Amino acid sequence: MSSHRGMASRPLIPTFFSGLARHPRPARGATRVESPPVIKLKSPREIALMREAGRVVAKALDQVRRLAVPGACTAEMDQAVAAIFQEHDALPLFLNYPSAVKGKPPFPAVICASVNEHVVHGIPNRRPLREGDIVSVDTGCKVGGWCGDAAITLAIGAVRPEVQKLLDVTNETLNLAIRAMGRCRYWSEVASLMERFVKSQGYYVVEKFVGHGIGQDMHEEPQVPNFVSKALRQHDIKLEPGIVLAIEPMVAIGTKEVRTLDDGWTVETKDRRPSAHFEHTVAMTPEGPRVLTYLED
Ligand code: MG
């Protein structure tokens, strides 16, 4: 699940994140200086535990892939993923997640299912998927106290060429980012490559939502944008062994502008043209980047 970008819209990150511990009140008369995010590095043993959660997430998404046919519905995908989580004693991370919009209910499902112009955080329903649709499915779980989080966008039957290209470009944006982590020292270098690739293909990076650190909590520091921002330059992320990131480019065909629907969750493109979303949980190790949300090693 992607996290809202920026300090002002931080509520998708649990409130204890922005507590006094991280931002102590300055002494009277002192200048407030924003402290850099505190990143919890993981040991090889902890990364091995996160791989267990990642494997369950990958298994769930593999099952979703089989259900992505005309006539199926996203509620069926949600049920299938819930069953796989139960089978593995995995705690669903999205179910009952509090809404970032005041007064709106918590997230009611185990997966986010976002169809066509819906970018992220769509709520599964019983509407049959039709040939030519695309559906982004995002899910996460906790196993033995450690989290995994991943997303894929699937074509329902044959889709229009520009939509197939959208899926290919978004998937490649994720893959090029993972490869680049092996040779880049800072995340801004990776984000710059992602942004430039998407632009070169004539598409747009959605900027309102970002990836995130992940570990014992789904949303940990740092925020991981898919583009270079002033905030990223200010507090760049060093790609050192032990850092674990949920990397999740969201790409749209016609605009980067999005809005949240009245349900308090579903995010759609303002031009209502399609968008896609791919995500992996990736750990930096001394040997290089290691994807944790793959089915097999
Ligand atoms: Mg995520």
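Order of appearance sets the numbers: ligands from 1, and atoms from 1 within every ligand. Only a predicted model underlies this, so the values are computations on that prediction, with no experimental measurement involved.
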S.K.: Please determine whether H212 has a backbone or side-chain N, O or S atom lying under 2.8 Å from the Mg ion (ligand 1).
M.R.: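 Checking the Mg ion (ligand 1) against H212, an N, O or S atom does fall under 2.8 Å.
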
S.K.: Report yes or no: does T281 have an N/O/S atom closer than 2.8 Å to the Mg ion (ligand 1)?
M.R.: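 No, since none of the N, O or S atoms of T281 sits under 2.8 Å from the Mg ion (ligand 1).
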
S.K.: Taking the six-membered ring for Trp and the full ring for Phe, Tyr or His, determine whether the centres of F94 and H121 are under 6.0 Å apart.
M.R.: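 No; H121 has its ring centre 6.0 Å or more from that of F94.
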
S.K.: List for me each residue that meets ring pair (Phe, Tyr, Trp, His ring centres under 6.0 Å) alongside Y204, sequence neighbours excluded, and say none if there are none.
M.R.: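 Expected list: none.
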
S.K.: Within 45° of the six-membered ring axis of F227 and under 6.0 Å from that ring's centre, is NZ or CZ of K199 located there?
M.R.: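 Ring-cation test returns no.
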
S.K.: Is Q63 reaching over with its side chain to a backbone N or O of A60, donor-acceptor style, under 3.5 angstrom?
M.R.: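 Such a contact is absent between Q63 side chain and A60 backbone.
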
S.K.: Give the atom name of whichever N/O/S atom in E248 sits closest to the Mg ion (ligand 1).
M.R.: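 Per the distance ranking, E248 contributes OE2 as its closest N/O/S atom to the Mg ion (ligand 1).
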
S.K.: Which is the closest N/O/S atom of D149 when seen from the Mg ion (ligand 1)?
M.R.: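 Minimum-distance N/O/S atom of D149 relative to the Mg ion (ligand 1) is OD2.
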
S.K.: Only N/O/S atoms count here: what is the atom of E279 closest to the Mg ion (ligand 1) called?
M.R.: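 Of all N, O or S atoms in E279, the Mg ion (ligand 1) lies closest to OE2.
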
S.K.: Restricting to ring pair (Phe, Tyr, Trp, His ring centres under 6.0 Å), what partner residues turn up for H118, sequence neighbours left out?
M.R.: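 Ring pair (Phe, Tyr, Trp, His ring centres under 6.0 Å) list for H118, sorted by chain: empty.
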
